[in-house]
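Structure record follows, encoded as structure tokens.
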2 protein chains.
Amino acid sequence: MLPSETKAMKERIIDVAQGFVQTRGFNAFSYRDLAEQILIRTASIHYYFPKKDDLGLALIQRYCADFEGAIRNIDDAERSPKNRLSAYLKMFLDLSKGGARLCLFAVFSAELPTLSERIQDEVRIFYETNIDWLNDVVSEGRSAGFFSFSGESRDVASAIFSFLEGEMLVRRVFPAEAHSPEIPPAIRLLLSWKG
Amino acid sequence: MLPSETKAMKERIIDVAQGFVQTRGFNAFSYRDLAEQILIRTASIHYYFPKKDDLGLALIQRYCADFEGAIRNIDDAERSPKNRLSAYLKMFLDLSKGGARLCLFAVFSAELPTLSERIQDEVRIFYETNIDWLNDVVSEGRSAGFFSFSGESRDVASAIFSFLEGEMLVRRVFPAEAHSPEIPPAIRLLLSWKG
DNA sequence: ACCAGTCTATCTGCGCATCGATAGGTTGTC
DNA sequence: GACAACCTATCGATGCGCAGATAGACTGGT
């Protein structure tokens with residue numbers, strides 16, 4: 001087979017694994033679960049990811065890379081801090097559309113002590129990427145007069161991120177109330193967002 | 001052994017199990033882990049909790065009851081909405097002291113689809129207990145002029161709870177930054193909390 | 001004698017992981 | 001351009017240990 005097909009299979013395994021992680025957690029799916037879904041044998045998955053930890057690492061690394069790409073796209077498409085933040089919120093909350101899936105940060109944080117150091121490091125990187133970006137948007141937005149709040153912009157950035165992660169957990173428990181507004185009230189309160 | 005000792009053993013099993021759940025998740029500990037810690041055999045644990053699900057249910061039911069007791073204590077000890085909220089926040093954030101342990105809500109939400117209906121129902125009850133109480137405190141605090149915010153008090157209550165759950169996930173990933181203020185900046189922003 | 005509580009022994013099934021085999025593509029070299 | 005040597009991707013079989021769970025025997029208090 002061609003190398004391109006190899007890559008496709010690797011990606012396919014990660015795709016399915018990511019679905020399992022986001023719905024059930026990293027410790028609650030097996031190579032057998034993956035194999036059944038993909039219609040191959042578990043031994044074939046071991047060929048690409050010798051240890052489950054290798055799969056976990058590949059998973060979160062791709063997730064981080066995708067996320068970085070997504071926020072770079074936002075920066076390219078939108079100039080206003082308000083629109084950039086809106087786009088970010090939409091992306092984040094769409095992730096948990098209907099409460100089916102969680103952000104990997106939430107899942108891996110819940111299981112953190114059972115995960116390898118390499119994966120824990122990636123979780124930290126994901127957080128920092130998000131906070132740095134939010135900090136930019138929030139402080140730019142304040143300078144431009146879109147938002148007003150007291151204190152450090154980094155505290156606001158951190159609050160937004162924590163809120164979003166917690167909100168995903170809540171939405172999963174109450175999937176019915178999925179018809180929520182574009183901008184959660186909490187965000188308006190945190191930023192004194194007008195309009 | 002005396003019935004009182006029976007009860008003691010049951011509680012002891014729940015104690016140890018709760019520790020495991022809060023640190024590693026419900027799917028990442030076994031009856032063997034419990035048995036080793038408690039210095040009994042796994043069969044003895046099955047005597048009290050025939051299925052792991054029975055243990056999980058007992059666990060969260062006790063947790064909910066404890067929590068309800070704790071907020072009733074707060075209401076008895078404090079009259080000012082400000083002090084009541086402070087006490088609640090302290091209780092909540094002390095729970096994750098150093099990031100070692102998570103609130104059961106966060107853990108069970110992360111693993112939700114792998115849990116039984118009975119446990120999922122308890123998770124919902126826990127959420128509603130908290131939101132109802134926070135709603136009371138927040139709306140009383142607004143009437144009394146301690147807090148000021150626009151919109152529904154229930155949205156603020158919900159935002160506080162989501163923030164706290166998310167904040168616990170974040171703190172677990174960054175245990176170093178444990179020297180945080182009594183009232184998180186996010187809460188001050190949400191409520192326009194003065195003083 | 002009874003009963004609660006604990007034990008030992010054991011079951012079945014699944015967890016991750018490895019091995020060796022095989023079918024087919026790729027490459028090198030004469 | 002043919003053949004050997006190698007590489008890629010997959011497989012079946014299997015190992016070892018742990019998972020939750022149960023049956024049945026022991027023990028000590030009343």
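The model shown is predicted, which means the values in this text are computed figures rather than measured ones. Below, chains carry the letters A, B, ... as their sequence lines are ordered, and counting in each starts from 1.
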Knowing that exactly one of A:Tyr127, A:Phe126, A:Tyr88, A:Phe92 qualifies, which makes a ring-ring contact (aromatic ring centres under 6.0 Å, His included) with A:Trp133? A:Tyr88

Separation of D:dT10 atom C1' from A:Ile38 atom CD1, nearest Å, is 13 Å

Which label fits B:Phe105 and B:Phe161: parallel for a plane angle under 30°, tilted from 30 to 60°, or perpendicular past 60°? perpendicular

Examine D:dC18: is either OP1 or OP2 under 4.0 Å from a nitrogen or oxygen in the side chain of B:Ser30? Give yes or no. no

Of the options D:dT10, C:dT6, D:dA21, whose atoms approach the side-chain atoms of B:Lys51 most closely? D:dA21

Taking atom P of D:dC18 as reference, at what distance in whole Å does atom CZ of B:Phe29 sit? 17 Å

Is any side-chain N or O of A:Tyr47 closer than 4.0 Å to OP1 or OP2 of C:dA17? no

How long is the line joining CG of B:Asp33 and C1' of C:dG15, in whole Å? 14 Å

Whole-Å distance, A:Phe20 CZ to C:dG15 C1', equals 15 Å

Name the closest nucleotide to the B:Thr42 side chain, picking from D:dT10, D:dA21, C:dC14. D:dA21

State which of D:dC11, C:dT8, C:dT6 makes the closest approach to the side chain of A:Ile40. D:dC11

Take the protein atom CG of A:Leu39 and the nucleotide atom C1' of D:dT10, then report the distance between them rounded to whole Å. 14 Å

Pick base, sugar-phosphate or nothing for B:Phe49, based on heavy-atom distances below 4.0 Å to the nucleic acid. nothing

Any side-chain N or O of A:Lys10 under 4.0 Å from OP1/OP2 of D:dT10? no

Contact class for B:Arg41 (heavy atom, under 4.0 Å): base, sugar-phosphate, or nothing? base

Selection from C:dC16, D:dG12, D:dT10 that lies nearest to any side-chain heavy atom of A:His46: C:dC16

Is the closest side-chain donor-acceptor distance between A:Asp33 and A:Ser30 under 3.5 Å? yes

Please report the distance, rounded to the nearest Å, between CG in B:Asp54 and P in D:dT22. 10 Å

Below the 4.0 Å mark, does C:dC16 have OP1 or OP2 next to a side-chain nitrogen or oxygen of A:Arg32? no

Is a donor from one side chain sitting under 3.5 angstrom from an acceptor on the other, for B:Arg62 and B:Gln18? yes

Atom CD1 of B:Ile45 to atom C1' of D:dA19: distance rounded to whole Å? 13 Å

Verify the contact: side-chain N or O of A:Tyr31 to OP1 or OP2 of C:dC14, cut-off strictly under 4.0 Å; return yes or no. no

Looking only at the side chains, is there a donor atom on one of A:Tyr48 and A:Asp54 sitting less than 3.5 Å from an acceptor on the other? no

